[in-house]
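In what follows, chains carry the letters A, B, and so on, assigned in the order in which the sequence lines appear, proteins first and then strands, with residues in each chain numbered from 1.
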Protein chains: 2
Amino acid sequence: MSGPSKGQVLTRSIEDYLKAIYELEQDGSPAQTSAIAGALDVAPPSVSGMVKRLSEAGLLQHVPYRGVQLTEEGRKAALRMVRRHRVVETYLTTKLGYDWDSVHEEAERLEHAVSDELIERMAMALGSPRYDPHGAPIPSRDGAIEQQSFVALADVPVGDVAELRMVSDKDAERLRFIGSLGLKPGVSFEVLARQPFRGPTTIGLTAAPSKEQVIGHELAESLLCVVVEREVG
Amino acid sequence: MSGPSKGQVLTRSIEDYLKAIYELEQDGSPAQTSAIAGALDVAPPSVSGMVKRLSEAGLLQHVPYRGVQLTEEGRKAALRMVRRHRVVETYLTTKLGYDWDSVHEEAERLEHAVSDELIERMAMALGSPRYDPHGAPIPSRDGAIEQQSFVALADVPVGDVAELRMVSDKDAERLRFIGSLGLKPGVSFEVLARQPFRGPTTIGLTAAPSKEQVIGHELAESLLCVVVEREVG
DNA sequence: TTTGAATTTTAGGCTCTCGTAACTACCGGA
DNA sequence: TCCGGTAGTTACGAGAGCCTAAAATTCAAA
Ligand SMILES: [Mn+2]
Ligand SMILES: [Mn+2]
Ligand SMILES: [Mn+2]
Ligand SMILES: [Mn+2]
C-alpha cells in the first residue's frame, strides 16, 4: 500500500523536499539531485534516497541521472506548502511586526505545524492577501498561482522607469541591505546609468528623486521588476 | 559529549515528554512510566527508552521501577514548553477567533515550531496575559509559575458561592459541554444542591440566577474553583 | 512467607532520514 | 573514439523513536 493514494501523511522532510523541487522546477527543467541537495543542505545520496521514496509514493517521477518532476499530486502538495509559507510570512509581518528579513526562517518551521484552518484564519484576518512580503504570489486554497514574468533590474535599459516586484526571501542579509536602500516590492524608480562589464546600475527612486542608489550587478540580477515607462527614443 | 550541557537541541518528542512529565509531577510524586505512556499515547517500553536518553542528557533522574523526576534543567525546558503552549492558546483564542475547545490540538503542534521571539511577540500583542483560555497560569519567560490551590466543584459545600478558575484543556468534547453550560474561568455561581453517593451537583450562575445547571460528579471533579463566599451557618 | 498480578525493563526489530565511501553514468574535449 | 571530470547512484551504517514479546521487579494478598 505505498502507491499513489489520497490523504498521505507527509513528514516535515517530505514537505520541504516537495517545496524545494517545486521551486527548482520553476525555471523549466527537471530538478537535479545536486540542486535539491543544495537547497535543503543535505548530501546528494540523501536526495537519491528520498527521491526513490517519493517516486514510489507517486509524488514525483524520476528519470535516473536526469532529474525529477513532480506529479500532479506532488505539485498540489508543494503548492499547499508554498501557500502556507507565504501566508505565515505575511501574517508575521503584518500582524506581529516582523521585518521582512526574519520571517522566512520562522515560516520555514511553522509551515509544517499549522493546520489548514489556521492558515485560512490568518488569510482571512489579512483580507486574503495576494502577495507575501517579498512580492511572491500566494497560491489559492485550491492550488492556483499567478504566473508572472519579470525583468531583472540588471536587464532594465537605462532611461526606463521600472517597479520592483519581487525579491528572493532566502538570504536575510541581502533583504536587510535591499531594505536599507529604500527598496521593497511596489517601489518604482528610474534607471539612470549602468556601467559595462557587469558593472553597477544607478537608479533614482521616484518617491525621493534626490536619492540615487548604486546597485552592484549580482544584486541587480536578483531584483525582479516590471518596466512601467519605456524611454522615449 | 552527552552529559548535562547547555543549549541542547530538543526534538519534538523530547519536548512532549518533558512537558508531560512536568505535568505528572505536579501532584507531588515522581512520574511513573505507565502514566507517561498514557499521557503521550505510546507504549511503556517506548517511555523506558526515552527516559534512558533523557537521563543520560541530564534532563531527569530515573530510579528504576520507581519513576522519574525532572532535573533543574529539565524543569526549565518543560516550563518553557508550558509557556509556549499557553501563550499560543491564548493568542489563537483572542486574536484569531478560535474556540477554547480547539486550541489545544493546534498548540500541541505549534509549541514546537515557534521561536522564543514569536512567543514574546504574541505575549506582547496580548498584553502579557497571566492565564490561558482554560484558566491555567502562563509561566514567565524565566520559568516562574503561579502555584494555585483549588477546590473541585465536587467538593464545594452546598450553600457556598464559588468561582470557576481552571479546567483541563485535554478533552475538547468536555470543553464544549462545559461551555454550553455557560461555564468558563471567571464565572461564579452558588452551589444549590448535591446528591449523595457521588451524585450530581446543582449550581445557579450568579450572572443568570434563573438558570440552574445540574453537573455530574465526574465532571464536577474536573472543575477547579475557589470559594468566594462561605455559607453562613 | 509465598505467590501472583501489575508494572517496568530488556531484547530485538522496524521505519525514517541522514551520513560517508565506493561505484557508475554522462558528456565535453582531445 | 577514448578519457577524465562531474554528477548521480548504490552500498552500508548510524541514531531517533516507535513497536511487540519476554524477562525482571515490586507489592499486596493469601
Ligand atoms: Mn520548512
Ligand atoms: Mn517570501
Ligand atoms: Mn506538543
Ligand atoms: Mn490550556
Side-chain angles (χ1 to χ4, degrees), chain A residues 1-3 5 8-21 24-25 27 29-69 74 77 81 108-109 111-113, chain B residues 1-3 5 8-21 24-25 27 29-69 74 77 81 108-109 111-113:
Chain A
M1 182 102 69
S2 69
S5 66
Q8 314 226 15
V9 181
L10 305 180
T11 64
R12 175 181 172 159
S13 253
I14 290 175
E15 290 176 338
D16 278 335
Y17 272 90
L18 293 176
K19 188 156 61 80
I21 291 166
L24 288 168
E25 271 182 351
D27 51 23
S29 47
Q32 298 194 290
T33 300
S34 57
I36 301 169
L40 297 174
D41 199 26
V42 297
S46 303
V47 175
S48 285
M50 179 62 89
V51 158
K52 174 173 234 163
R53 290 193 293 274
L54 294 181
S55 109
E56 280 163 3
L59 292 162
L60 52 77
Q61 287 192 303
H62 180 214
V63 181
Y65 292 97
R66 283 296 142 85
V68 299
Q69 275 185 296
M81 296 313 295
E108 199 55 56
R109 278 176 283 105
E111 62 190 0
H112 311 287
Chain B
M1 184 100 70
S2 68
S5 65
Q8 315 228 14
V9 182
L10 305 180
T11 65
R12 174 181 172 159
S13 253
I14 290 175
E15 290 177 339
D16 278 336
Y17 272 88
L18 293 176
K19 188 155 62 81
I21 292 166
L24 289 167
E25 273 183 349
D27 52 23
S29 47
Q32 297 196 288
T33 300
S34 56
I36 300 168
L40 297 173
D41 199 27
V42 297
S46 303
V47 175
S48 286
M50 179 60 90
V51 158
K52 175 173 231 163
R53 289 193 293 275
L54 294 181
S55 109
E56 280 163 3
L59 292 162
L60 52 77
Q61 286 192 303
H62 180 215
V63 181
Y65 291 96
R66 284 293 143 84
V68 300
Q69 275 186 296
M81 296 313 295
E108 199 55 59
R109 278 175 283 104
E111 63 190 0
H112 311 287

> Can you tell me if the side-chain N/O atoms of A:H62 get under 4.0 Å from OP1 or OP2 in D:dG8?
Replying inline: no
>> So which atom in A:Q69 and which in A:P30 form the shortest heavy-atom distance, rounded to 0.1 Å?
In response: CG-CB, 4.1 Å
> Between atom CG in B:D41 and atom C1' in D:dC19, what is the gap in whole Å?
Replying inline: 13 Å
>> Closest approach to the side chain of B:P44, judged atom by atom: which nucleotide of D:dT20, C:dT17, C:dT9 is it?
In response: C:dT9
>> Check the phosphate of C:dC27 against A:R66, side-chain N and O only, distance under 4.0 Å to OP1 or OP2. Yes or no?
In response: yes
>> Which heavy atom of A:M50 sits nearest to which heavy atom of A:S13, and what is that distance?
In response: CE-CB, 3.9 Å
> Quick one: B:M50 CE to C:dT10 P, roughly how many Å, whole number?
Replying inline: 16 Å
>> I want to verify a distance call: between C:dC18, D:dC18, C:dT20, whose nearest atom is closest to the A:P45 side chain?
In response: C:dT20
>> If I take atom CZ in residue A:R12 and atom C1' in nucleotide C:dC18, what distance separates them, rounded to the nearest angstrom?
In response: 14 Å
> In terms of side-chain heavy atoms of A:Y65, which of D:dT26, D:dC19, C:dA25 is nearest?
Replying inline: C:dA25
>> Considering every strand and a 4.0 Å limit on heavy-atom distances, what is the contact class for A:S46: base, sugar-phosphate, or nothing?
In response: base
> Starting at CZ of A:R53 and ending at P of C:dC14, how long is that distance when rounded to a whole Å?
Replying inline: 17 Å
>> In whole Å, I'd like the distance from the CG atom of B:L10 to the C1' atom of D:dG15.
In response: 16 Å
> Is it the case that more than 12 heavy atoms not belonging to A:E108 sit under 6.0 Å from its CD atom?
Replying inline: yes
> Contact class for B:S48 vs. all strands (heavy atom < 4.0 Å): base, sugar-phosphate, or nothing?
Replying inline: base
>> I want to check one thing: is the phosphate of D:dA16, taken as OP1 and OP2, less than 4.0 Å away from some side-chain N or O of B:S13?
In response: no
>> Expressed as a whole number of angstroms, how long is the span from B:I14:CD1 to D:dG17:C1'?
In response: 10 Å
> For atom CG of A:D41, is the number of surrounding heavy atoms from other residues, nucleotides or ligands below 6.0 Å larger than 12?
Replying inline: no
> Within the structure, does a side-chain N or O atom of B:T33 lie under 4.0 Å from either OP1 or OP2 of C:dT9?
Replying inline: yes
> Within the structure, does a side-chain N or O atom of A:Q32 lie under 4.0 Å from either OP1 or OP2 of D:dG8?
Replying inline: yes
> Between atom NZ in B:K52 and atom P in D:dG15, what is the gap in whole Å?
Replying inline: 14 Å
> Tell me: CD1 of B:I36 to P of D:dC18, nearest whole Å?
Replying inline: 12 Å
>> Looking at C:dT17, I'd like to know if its phosphate oxygens (OP1 or OP2) sit under 4.0 Å from a side-chain N or O belonging to A:T11.
In response: yes
>> Looking at B:E111 and B:K19, is there a salt bridge between them, counting it only when a charged N and a carboxylate O are closer than 4.0 Å?
In response: yes
> For C:dC18, does OP1 or OP2 lie under 4.0 Å from any side-chain N or O of A:Y17?
Replying inline: yes
